[in-house]
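In what follows, a single structure is set out as structure tokens and then discussed.
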Amino acid sequence: MDHKKLAELLFSHIDKTPQYYEEKYPDRGLPKEAKVTRLGPSPTGFIHLGNLYGAFVDERLAHQSGGRFFLRIEDTDDKRLVEGAVDIIINSLRFFGINFDEGVTAEGDIGAYGDYTQSHRGEIYQCFAKELVAQGKAYPCFMTEEEIAEIRKQQEELKENPGIYGKWAKSRELSMEEIEKKISEGLPYVVRLKSDGDLTKPGEEIRRIAVEDAIRGTLDMPENDQDTVILKATGIPTYHFAHVVDDHLMRTTHVVRGAEWLPSLPIHIELFEKFGWEPPVYCHTAQLMKLDEEGNKRKLSKREDPELSLDYYRNEGYHPAAVREYLLTILNSNFEEWRIENPDGDIDDFRFTTEKMSNSGALFDLNKLKDISKDVLLKISASDLYDFLKAWAEEFKARDEKVQSIFKDRAYLEKVLDIGRSEAKPRKDHIYALQMIENISYFFDNLFTVEEAMPEEAASDVKTIIGKYMESYDHCDDQSLWFDKIRAIAEELGYAAKPKDYKKNPEAYKGHVGHVSTVIRVALMGRQQSPDVWEIQQILGEERVRQRLEKFL
RNA sequence: GGCUCUAUGGUCAAGUGGUUAAGACUCCGCCCUCUCACGGCGGCUACCCGGGUUCGAAUCCCGGUAGAGUCACCA
């Protein structure tokens with residue numbers, strides 16, 4: 001078989017050589033510790049928390065080493081393509097602080113290693129496929145779907161591994177004349193890798209390969225034996241082939257991808273070997289898991305777990321800084337420790353390492369996110385919180401006039417957001433935008449409703465308590481004077497001035513001062529629980545306070 | 001079924017032959033306290049199982065078990 005002649009027959013339209021591309025995309029000339037990483041989403045328009053998780057690793061690795069981080073669109077499957085998906089990907093990632101140095105952007109490609117969209121790179125893949133054919137390392141395969149299904153059936157009966165390899169790879173043995181004939185008949189064909197890992201060689205053990213993974217250490221895997229498709233009938237490459245060619249030509253140093261790629265790693269290693277190229281450092285990240293109904297862990301899936309799409313966090317109004325902080329804590333187990341030691345440290349000063357990444361699947365923990373979010377939001381100024389809330393409301397509550405109305409008075413809302421935050425032991429009331437707005441709704445007359453009942457202990461005295469409270473109310477009282485007055489009202493009406501007295505002697509009192517103040521709280525806030533009433537009154541203003549109280553007389 | 005990965009409390013996790021087996025979140029109790037939150041203190045709960053190696057195993061080896069992933073002209 002004259003492989004060169006076969007290569008010309010299959011790829012007569014390819015005039016460039018691998019040499020041409022090697023020169024066009026030279027070594028990047030970066031310092032040797034600099035890492036070049038990439039994100040290669042397929043443009044389905046779906047952004048998953050898992051995507052962010054991986055993107056974060058890519059981004060940290062590149063930007064903490066003085067390297068490059070680029071975006072490549074992996075659209076080799078036209079069935080998956082969704083209009084506008086690229087913009088969604090870029091914008092979503094940017095929102096969470098992931099920015100690319102190179103690759104596809106809304107304004108076109110940036111960088112010298114493009115084109116960065118795989119569907120535009122057909123000639124390149126075909127050139128390298130041609131090279132493989134010319135060296136006898138790949139071949140055209142004319143098997144039909146039916147034939148492949150038939151082979152699979154036989155393999156199942158014989159309990160042999162499924163797939164096209166060794167003796168099952170019938171097209172391997174085609175002569176030049178047969179191939180020429182089939183092509184002249186217009187029969188469709190794919191190009192397959194001619195794998196060296198042929199299982200059917202008698203008396204041989206399956207060879208093993210050792211691959212270094214930056215997260216998992218040394219991987220011991222069986223060598224690939226499958227004649228994997230590298231070029232589909234359309235001339236478009238499969239993921240495997242595009243990955244190898246692109247990451248070589250784009251000089252990627254670190255490939256970060258999910259652990260679901262582990263089983264096909266031997267294919268990629270064999271391809272790199274066939275080309276005589278150095279493979280990148282692989283970083284196979286753990287899958288994000290979820291507890292299903294039966295209590296089993298399972299991989300997150302975008303179809304079944306919509307709440308784990310990135311949009312969920314945007315909708316709920318989680319702050320990007322909180323999501324970043326959360327992601328880092330599940331990404332690097334020593335981050336939490338670092339954060340405790342450096343409560344005000346810049347997140348960029350934490351040195352991210354692949355070695356500290358977990359290789360078992362982490363369960364997504366919403367409680368933990370909320371807890372982290374409380375601390376993160378505490379560090380954000382009221383002014384910035386206002387901007388964040390407003391931007392969120394404009395995106396997700398644009399038609400909700402009641403919500404929109406809270407932004408009319410910036411100074412007022414900022415005061416509301418700052419309640420109890422400046423003390424030594426600050427309140428941590430804020431978690432995410434939706435929750436915050438519900439939490440502070442009573443500050444705004446068109447959101448205010450009485451949601452909770454009066455406390456039982458004081459239910460019969462509501463009018464009396466509020467009446468006396470209004471009589472004695474002076475908006476200029478300081479906090480201690482204000483509370484002394486409430487104590488006086490409580491005692492006068494037969495309530496204990498201190499809750500402890502009431503607990504010791506429940507029969508001696510109707511209730512305690514807490515019940516009396518709760519009456520005022522329900523009248524003013526519509527709820528039994530809230531931050532300090534005096535502080536709230538100062539923000540509400542005397543007029544609004546009196547109006548709300550009067551409704552209970 | 002083959003191959004691969006994983007296995008420490010409810011969750012996330014330190015731990016790499018000798019530890020009272022860290023820490024965080026959740027939950028519970030107490031304290032602080034006019035409610036809630038915050039904060040403080042305390043508590044519950046863990047090395048998947050069985051063999052080996054060793055004076056000694058969560059840690060090393062072997063064998064199970066369980067969970068997950070993957071076996072496409074999808075990525």
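Lettering of chains follows the sequences in order, A, B, ..., and the numbering in each one begins at 1. As the structure is a computational prediction, the values presented were derived from the model and not from experiment.
If you check B/rA75, B/rA37, B/rU4 against the side chain of A/Pro222, the one that comes closest is B/rU4. With B/rU70, B/rC25, B/rC34 as the choices, the nucleotide that has an atom nearest any side-chain atom of A/Ser517 turns out to be B/rC34. Looking at the side chain of A/Thr518, the nearest of the listed nucleotides B/rU35, B/rC25, B/rU4 is B/rU35. Nearest to the side-chain atoms of A/Val190 among the listed nucleotides B/rC71, B/rC25, B/rC73 stands B/rC73. Of the candidates B/rG23, B/rC74, B/rU4, the closest approach to any side-chain atom of A/Asp77 belongs to B/rC74. Closest to the side chain of A/Trp482, from the set B/rA75, B/rC34, B/rC38, is B/rC34. With distances taken from any side-chain atom of A/Gln529 to the nucleotides B/rA75, B/rU35, B/rC34, the minimum falls on B/rU35. Distance from the side chain of A/Asp429 is smallest for B/rA37 among the nucleotides B/rA37, B/rA24, B/rA75. Distances from the side chain of A/Arg192 to the nucleotides B/rA75, B/rC25, B/rC73 place B/rC73 closest. Checking B/rC25, B/rC5, B/rA14 against every side-chain atom of A/Arg216, the shortest atom distance belongs to B/rC5.
Residues A/Asp418 and A/Arg421 are paired through a salt bridge, judged by an N-O separation under 4.0 Å between the basic side chain and the carboxylate. Between A/Glu451 and A/Arg527, at least one side-chain nitrogen of the basic residue sits less than 4.0 Å from a carboxylate oxygen of the acidic one, meeting the salt-bridge criterion. In summary, A/Arg121 and A/Asp115 do not engage in a salt bridge, as defined by a charged side-chain N under 4.0 Å from a carboxylate O. Classification of A/Glu492 and A/Lys468 as a salt-bridged pair holds, one side-chain N sitting under 4.0 Å from a carboxylate O. Between A/Lys415 and A/Glu535, no side-chain nitrogen of the basic residue sits less than 4.0 Å from a carboxylate oxygen of the acidic one, so the salt-bridge criterion is not met. Salt bridge status for A/Arg172 with A/Asp227: present, with a side-chain N to carboxylate O gap under 4.0 Å.
B/rA14 and B/rU6 have their P atoms separated by 14 Å, with the value rounded to a whole Å. With both ends at atom C1', the span from B/rU59 to B/rA46 equals 15 Å, rounded to whole Å. Separation of the C1' atoms belonging to B/rA58 and B/rG9 is 14 Å when rounded to the nearest angstrom. Taking atom C1' on both nucleotides, B/rG56 is separated from B/rG29 by 39 Å, rounded to a whole Å. If you take atom P in B/rC49 and the same atom in B/rU65, they sit 15 Å apart, rounded to whole Å. B/rC31 sits 31 Å from B/rA21 when the P atoms are compared, rounded to a whole Å. Rounded to a whole angstrom, the distance from the C1' atom of B/rC47 to that of B/rG17 is 15 Å. Look at the C1' atom in both B/rC30 and B/rG67: the space between them is 39 Å, to the nearest Å.
Using a 30° and 60° split on the angle between ring planes, A/His515 and A/Tyr502 fall in the perpendicular class, above 60°. Under the 30°/60° scheme for interplanar angles, the aromatic rings of A/Tyr239 and A/Trp261 are found to lie parallel.
Across the interface with RNA chain B, nearest-nucleotide mapping of A/Thr144 and A/Trp534 shows A/Trp534 to be the residue nearer the 5′ end. Take the nearest nucleotide of RNA chain B for A/Lys356 and for A/Gln528: the residue whose nucleotide is more 5' is A/Lys356.
Searching all strands for a Watson-Crick or G-U wobble partner of B/rG63 with both distances below 3.5 Å returns B/rC49. In this structure, B/rA68 forms a base pair with B/rU4, meeting either the Watson-Crick or the G-U wobble geometry with both donor-acceptor distances under 3.5 Å. B/rC55 is paired with B/rG18 under the criterion used here, namely a Watson-Crick or G-U wobble arrangement in which both key atom distances are under 3.5 Å. Base-pair partner of B/rG39: B/rC31 (Watson-Crick or G-U wobble, both distances under 3.5 Å). In this entry B/rC44 has no Watson-Crick or G-U wobble partner, no candidate having both defining distances under 3.5 Å. Pair assignment for B/rC12 gives B/rG23, based on Watson-Crick or G-U wobble hydrogen-bonding distances that are each under 3.5 Å.
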Could you pull out the protein-nucleic contacts involving nucleotides 39-44 of chain B (nitrogen or oxygen on both sides, under 3.5 Å)?
{"residue": "B/rG39", "atom": "OP1", "partner": "A/Lys428", "partner atom": "NZ", "Å": "2.8"}

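Regarding A/Glu423, its CD atom lies at a distance of 14 Å from the C1' atom of B/rU33, rounded to whole Å. Distance A/Leu366 CG to B/rU11 P: 16 Å, rounded to the nearest Å. Atom P of nucleotide B/rC34 and atom CG of A/Leu524 are separated by 18 Å, given to the nearest angstrom. Nucleotide B/rC32 holds its C1' atom 14 Å from the NZ atom of A/Lys498, rounded to whole Å. Between the P atom of B/rG2 and the CE atom of A/Met221 lies a distance of 16 Å, rounded to the nearest Å.
As judged by a 4.0 angstrom heavy-atom cut-off over every strand, A/Arg527 is placed among residues making no nucleic acid contact. Nucleic acid contact for A/Arg257: none, since no nucleic acid atom lies under 4.0 Å from a heavy atom of the residue. A/Lys370 comes within contact range of no nucleotide atom at all, as no heavy-atom separation falls under 4.0 Å. Contacts of A/Thr329 with the nucleic acid, taken as non-hydrogen atoms under 4.0 Å apart, are absent. Residue A/Pro188 is classed as having no contact, given no heavy-atom separation below 4.0 Å to the nucleic acid. Note on A/Val229: only backbone sugar-phosphate atoms sit closer than 4.0 angstrom, heavy atoms only; bases stay farther off.
Residue A/Ser530 places no side-chain N or O under 4.0 Å from the OP1 or OP2 atom of B/rC36. Within the 4.0 Å cut-off from OP1 or OP2 of B/rC71, not a single side-chain nitrogen or oxygen of A/Arg152 is found. A/Lys485 has no side-chain polar atom (N or O) that falls below the 4.0 Å cut-off from OP1 or OP2 of B/rC34. One finds no side-chain N or O of A/Lys503 lying less than 4.0 angstrom from the OP1 or OP2 phosphate oxygen of B/rC34. For B/rC25, neither phosphate oxygen OP1 nor OP2 lies less than 4.0 angstrom from any side-chain nitrogen or oxygen of A/Arg339. Taking 4.0 angstrom as the limit, A/Lys232 places a side-chain polar atom (N or O) nearer than this to OP1 or OP2 of B/rC74. Not one side-chain nitrogen or oxygen of A/Thr44 sits closer than 4.0 Å to the OP1 or OP2 atom of B/rA75.
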**Request:** Verify side-chain hydrogen bond (donor to acceptor under 3.5 Å, both in side chains) between A/Asn224 and A/Glu270, making sure each step is shown before the conclusion.
**Result:** CA-CA 7 Å; A/Asn224 175 53; A/Glu270 184 172 13; 2.7 Å; yes

**Full working for salt bridge (Lys or Arg N to Asp or Glu O under 4.0 Å) between A/Lys368 and A/Glu336** = CA-CA 12 Å; A/Lys368 189 85 177 182; A/Glu336 250 184 312; 2.7 Å; yes

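At a cut-off of 3.5 angstrom, the base of B/rC34 holds at least one donor-acceptor pair with the side chain of A/Asp532. Side-chain N/O atoms of A/Arg427 and base N/O atoms of B/rC36 include a donor-acceptor pair closer than 3.5 Å.
To the nearest 0.5 Å, atom CZ of residue A/Arg38 and atom CZ of residue A/Arg72 are 5.0 Å apart.
Cation-pi geometry between A/Arg548 and A/Phe448 is satisfied (NZ or CZ under 6.0 Å from the ring centre, within 45° of the ring normal).
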